[in-house]
**Student:** 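The structure that follows is given in the form of structure tokens.
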Number of protein chains: 2
Amino acid sequence: MSRLTPHDVAPTSSAAAPGTSADLTDVWDQWLAPLEAADHAYVPVRVAGVLRRAISAGQILPGSKLPEVKITDRLGVSRHTLRSAFQMLAADGLVDRQPNRGVFVHEPTGEDVREIYRIRLILETGAVRTTVFPPEAVQQLKQITRGAERAREAGDVPAMAQANQAFHQRLVAQARSPMLDELMSKVLARMRLVFAGRRGDPDFHSTYVAGNVKLADLLSRDQRQEAEEHLVNYLLSAERDLLRRLEN
Amino acid sequence: MSRLTPHDVAPTSSAAAPGTSADLTDVWDQWLAPLEAADHAYVPVRVAGVLRRAISAGQILPGSKLPEVKITDRLGVSRHTLRSAFQMLAADGLVDRQPNRGVFVHEPTGEDVREIYRIRLILETGAVRTTVFPPEAVQQLKQITRGAERAREAGDVPAMAQANQAFHQRLVAQARSPMLDELMSKVLARMRLVFAGRRGDPDFHSTYVAGNVKLADLLSRDQRQEAEEHLVNYLLSAERDLLRRLEN
DNA sequence: GGTCACACGATTGTTCAACAATAAGTAGGT
DNA sequence: ACCTACTTATTGTTGAACAATCGTGTGACC
């Protein structure tokens, strides 16, 4: 205790500082509650989960810096544990590590969006073309679309977005490859990053519920060729639409 | 400079260690030399590189355990740094982390091979179908195949394998997606893991040099449909061949 | 002799404390 | 206003310590 480290005085100073980052601190306290001794899973995994949720929910906006000491104080973990969690988030592409500068929430660009749809085009059409969809798989897809339609009627935008992502994740899962599933998760996480912070947007997802329904319908009839064409148009128009929204 | 980093004294200590398991230690010492103060890159990245090379070269066989203290002694880094490197290798799928047990070099299974070719089928045909191959891209592909042919004539199996992987990596790169490039690297790394330790094998790769040449030729004439069909057959027969070799 | 329980030892997971190295901010001089 | 040097804050890395867990060997008991 001989050395007076900066974070020993940080809480008081942040509380004393009125305008600079008081509101920000409150938000962080809200979402970055100290870890409960829940399960015996690795602490870094839990920490990464907390941060992942906070980021995907748009509570920590793209471009924000994630200071080590602040978060370790909030979460009650050591810096090493947090750095391990950062490494996982960086591998997911949710976060960018700048040498000797720190970790920042990734700011998606227009090129990111274009890459996302290039990947999705290859992955999803690949899954449709190279695999057969057994009845139970089609059932799962239709179940998801039913949930999406309920969410649309209820005006529950987050639930609609979630169902939409689940639908396309399930589509890729048909390729039966954990590595592809992982990549698709990564892509969809980056997708959520694009939506983060612009939730006042008119519901982007409602347009595509019908597209998913039609796709599931084509797959249920095993009209693979038509399903693939429909999927291509679906993805291309979604990309166009999204890019147009980002520009203005 | 002024600081006496651990790897400055590591050589003497590692040489002084007599060795409970002499043969094993010797092999490790050969490949896991203490880090030189090469560039200013992150130490964990360098450590991961050393281990990656040792594993891909087949010097550390699949299934081997990677004990923390032994490797930290050899490399002259702290346990934290090594664990960070382990995390990178685990993200690459080169290594499996067993909770409270340790880190082991991944042992590829037959299912791994099947997954690899499912992924390659989707990725490579996707790249061929969704992108155009400009003359310079075709030139690069042909240049790689020329190197492969030279390696085949010289009987240089590792060079042939390397050229083969470079060819298909280049193919995927045409999709212009860093994330897909990363996945392909991961897939090819796992591929090298399959070959690791069985280098007495008759040259598996020579069969496919001709296949690559033909594929590049079809692409240079922009015969996309034929190129795709050729690629599908190429991958399916490679998978069949490889699985047959693994069984006996 | 076989089997179960328990204790011991080795290894991994996590924290704390310290220091080096780089980046950012600030004061001072011109 | 601009450049420079100093100060400060933050990141990168190490070391030591301890808790938690796994594996193993040993001994009691049947």
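Reckoned from all heavy atoms, side chains included, excluding hydrogens, waters and symmetry mates. We name chains A, B, ... by the order of the sequence lines, and we start the count at 1 in each one.
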**Student:** Please determine whether a side-chain nitrogen or oxygen atom of A/Arg101 lies at a distance below 4.0 Å from atom OP1 or OP2 of D/dT10.
**Tutor:** no
**Student:** Does this structure show an ion pair linking A/Glu182 with B/Lys186, if we count only N-O contacts that are shorter than 4.0 Å?
**Tutor:** yes
**Student:** Rounded to whole angstroms, how far apart are CD on B/Gln98 and C1' on D/dG23?
**Tutor:** 13 Å
**Student:** Using whole Å, report how far NZ of B/Lys70 lies from C1' of C/dA10.
**Tutor:** 13 Å
**Student:** With side-chain hydrogen bond (donor to acceptor under 3.5 Å, both in side chains) as the criterion, how do A/Gln165 and A/Arg192 come out once you've worked through the C-alpha distance, each side chain's angles and the decisive distance to 0.1 Å?
**Tutor:** CA-CA 9 Å; A/Gln165 296 214 344; A/Arg192 288 192 293 273; 2.7 Å; yes
**Student:** Check whether any side-chain heavy atom of B/Tyr117 sits under 4.5 Å from a side-chain heavy atom of B/Asp112, and report yes or no.
**Tutor:** no
**Student:** Quick test of your reading of the model: are B/Arg244 and B/Asp241 salt-bridged, counting only N-O distances below 4.0 Å?
**Tutor:**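 Result for this pair is yes, salt bridge flagged.
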**Student:** Out of D/dG12, D/dT10, C/dT15, which has the shortest distance to the side chain of A/Lys65?
**Tutor:**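 Nearest to the side-chain atoms of A/Lys65, counting from C-beta on, is D/dT10.
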**Student:** So, are B/Arg114 and B/Glu111 salt-bridged, with charged N and O less than 4.0 Å apart?
**Tutor:**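 Salt bridge between B/Arg114 and B/Glu111, a charged N being under 4.0 Å from a carboxylate O: yes.
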**Student:** Could you check how far CG of A/Asn100 sits from P of D/dA9, rounded to whole Å?
**Tutor:** 18 Å
**Student:** Which parts of residues 78-92 of chain B get close to DNA chain D, meaning a heavy atom less than 4.0 angstrom away?
**Tutor:**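 Contacting residues: B/Ser78, B/Arg79, B/His80, B/Thr81.
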**Student:** Identify whether the distance between the nearest side-chain nitrogen and carboxylate oxygen of B/Glu68 and B/Arg83 falls below 4.0 Å.
**Tutor:**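 Yes, charged N to carboxylate O under 4.0 Å.
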**Student:** Please confirm whether the shortest side-chain N or O distance from B/Arg97 to OP1 or OP2 of C/dG13 is below 4.0 Å.
**Tutor:** yes
**Student:** What is the distance, to the nearest angstrom, from the CG atom on B/Leu75 to the P atom on D/dT13?
**Tutor:** 14 Å
